[in-house]
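Here is the structure we will look at, set down as structure tokens.
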Amino acid sequence: MACDLETARITSLPGEAFYIADFISEDEEEYLLQKVAAAPLPRWTHLSHRRLQTWPSALTKSNTLLESDLPPWLTSPIIEPRFNSLGIFKSAPHGAPNHVLINEYRPGQGIMPHEDGAAYHPLVATVSLGAPIVLDIYEKNANEKHHAEQGGEGERDHAHNSRKPQFRILQERRSLLITRDLLYTEFLHGIAETSRDDDLGPHSVCNWPLLREKDAFLIGGYDRQTRTSLTYRDVLKVAKMGNTLKFLGVK
Ligand SMILES: O=C(O)CCC(=O)C(=O)O
Ligand SMILES: [Fe+2]
């Protein structure tokens, strides 16, 4: 694992992005996949093209997180010690992530180009499990820039199926991808709904020099397998449970 962020920088991207291959071990990956699978079924939200778990809970309508700890299996060793020793969230308002979305994509599934929005500090740290996947990065068009200026809240889908990505990031299993600042605020990201990622190589994959297993991808593509992501973020608005109970008149 790289021990400082600078060596992990994806230099060909605008804004700030970092890629660390082998961020977790094979044993840690297996343990995390077991914990995701062991969550009770109501934990899953079923969307048309993927399913998702939200920890510790979904945000309220006003994008507020009711304060609650993340479970230990999402905290250790990913946040403590690894994120902390890399200083990943040190400039975020809470100094650490307080929210994790877990997305599972089967072959053929994906997520439309979107932005994560104003509910979060503009930094996402994604741990990939199970299989590789390509994250596509799109520049916002004028209309989308305008929307952002209007202060759109939360995740917004931008349905442009024929649109070509400006950059492609290949996320290997057990890797960490960090995207922040301009890349968070001025670009959209998405995952193609396909059962195969093709045309891969140094000419098309912007983090190619940082991959662990370049040789495996030199043949140009791979068939998708189930890939699970843990996306760590800092939700800006947090309501203390005590205050919430007071507000509800509970003593
Ligand atoms: O699975 C991923 O890597 C991306 C997920 C994502 O964009 C999101 O949950 O907002
Ligand atoms: Fe997203």
Side-chain angles (χ1 to χ4, degrees), residues 10 13 15-21 23-24 29 32-33 36 43-59 63 65 70 74 78 97-140 144 147-148 152-160 163 165 167-194 197 205-207 224-236:
I10 307 178
L13 280 179
E16 304 257 277
F18 305 87
Y19 179 83
I20 299 178
F23 181 70
I24 60 169
E29 176 189 41
L32 285 163
L33 283 171
V36 172
R43 267 269 166 205
W44 288 106
T45 304
H46 289 263
L47 303 171
S48 52
H49 298 285
R50 67 196 151 98
R51 60 177 189 161
L52 132 104
Q53 291 181 20
T54 310
W55 293 89
S57 60
L59 306 188
N63 281 334
L65 175 70
L70 287 167
L74 285 173
I78 291 181
N98 55 17
H99 198 247
V100 182
L101 287 180
I102 303 179
N103 280 294
E104 183 194 84
Y105 308 83
R106 295 177 179 226
Q109 298 187 322
I111 184 167
M112 299 291 271
H114 68 280
E115 56 189 309
D116 289 353
Y120 309 100
H121 177 67
L123 188 171
V124 186
T126 305
V127 178
S128 289
L129 309 174
I133 212 159
V134 171
L135 185 77
D136 295 322
I137 307 287
Y138 303 81
E139 200 166 1
K140 282 186 189 173
E144 289 156 349
H147 265 309
E153 289 197 331
E155 185 179 304
R156 190 196 303 266
D157 275 348
H158 300 256
H160 297 288
R163 195 162 168 177
F167 301 101
R168 299 170 81 203
I169 303 175
L170 176 51
Q171 293 174 269
E172 294 164 289
R173 60 193 296 181
R174 299 190 293 283
S175 69
L176 174 71
L177 174 69
I178 300 164
T179 52
R180 69 183 193 204
D181 301 334
L182 273 188
L183 208 53
Y184 185 102
T185 53
E186 303 302 317
F187 290 82
L188 310 178
H189 56 278
I191 291 173
E193 286 168 9
T194 178
D197 284 313
V205 171
C206 65
N207 59 323
R224 288 259 189 97
Q225 288 165 11
T226 300
R227 180 266 189 172
T228 302
S229 63
L230 314 179
T231 49
Y232 286 79
R233 299 182 181 82
D234 184 5
V235 178
L236 298 175

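Numbers here are sequence positions counted from 1. The shown structure was predicted, so the numbers you read here are calculated from the model rather than taken from an experiment. Atoms within each ligand, like the ligands themselves, are counted from 1 in listed order.
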Quiz prompt | Contact atoms of ligand 1, heavy-atom distance to Leu101 under 4.0 Å | solution = 9 (O)

Quiz prompt | Check: His114 N/O within less than 3.5 Å of ligand 1 N/O | solution = yes

Quiz item: With side chains defined as the heavy atoms from C-beta onward, is the minimum distance between Thr226 and Pro107 less than 4.5 Å?
Solution: yes

Quiz item: Looking only at heavy atoms, what is the nearest atom pair of Gln109 and Glu104, with distance?
Solution: OE1-O, 3.8 Å

Practice problem: Would you please determine whether Met112 falls within less than 4.0 Å of ligand 1 on a heavy-atom basis? | Solution: no

Practice problem: Say whether, by atom type as modelled, one donor and one acceptor occur between the side chain of Asn98 and the main chain of Val235 under 3.5 angstrom. | Solution: yes

Quiz item: Can you tell me how far the CD1 atom of Ile191 sits from the OH atom of Tyr105, to the nearest 0.5 Å?
Solution: 4.0 Å

Exercise. Look at ligand 1 and say whether Arg50 reaches it with a heavy atom at a distance under 4.0 Å.
Key: no

Exercise. Using a strict 4.0 Å cut-off to heavy atoms of Thr126, name the atoms of ligand 1 that fall inside it.
Key: 3 (O)

Practice problem: Looking only at N, O or S atoms, find the one in Asp116 nearest to the Fe ion (ligand 2) and name it. | Solution: OD1

Quiz item: For the residue pair Asp116 and Tyr184, what are the closest heavy atoms and their distance?
Solution: CB-OH, 3.2 Å

Quiz item: To the nearest 10°, what's the angle at the Fe ion (ligand 2) between atoms NE2 (His114) and NE2 (His189)?
Solution: 90°

Quiz prompt | Flag, side chain of Asn207 to backbone of Leu170, donor-acceptor distance under 3.5 Å | solution = yes

Practice problem: Could you tell me which atoms of ligand 1, counted from 1 in the order shown, lie closer than 4.0 angstrom to a heavy atom of Tyr105? | Solution: 1 (O), 2 (C), 4 (C), 5 (C)

Quiz prompt | Per-atom contacts of ligand 1 with Asp116, taking only distances under 4.0 Å to non-hydrogen atoms | solution = 10 (O)

Exercise. Looking only at non-hydrogen atoms, find the nearest pair between Pro113 and Tyr138 and report the distance.
Key: CG-CE1, 3.7 Å

Quiz item: What atoms in ligand 1 come closer than 4.0 Å to a heavy atom of Arg233?
Solution: 8 (C), 9 (O), 10 (O)

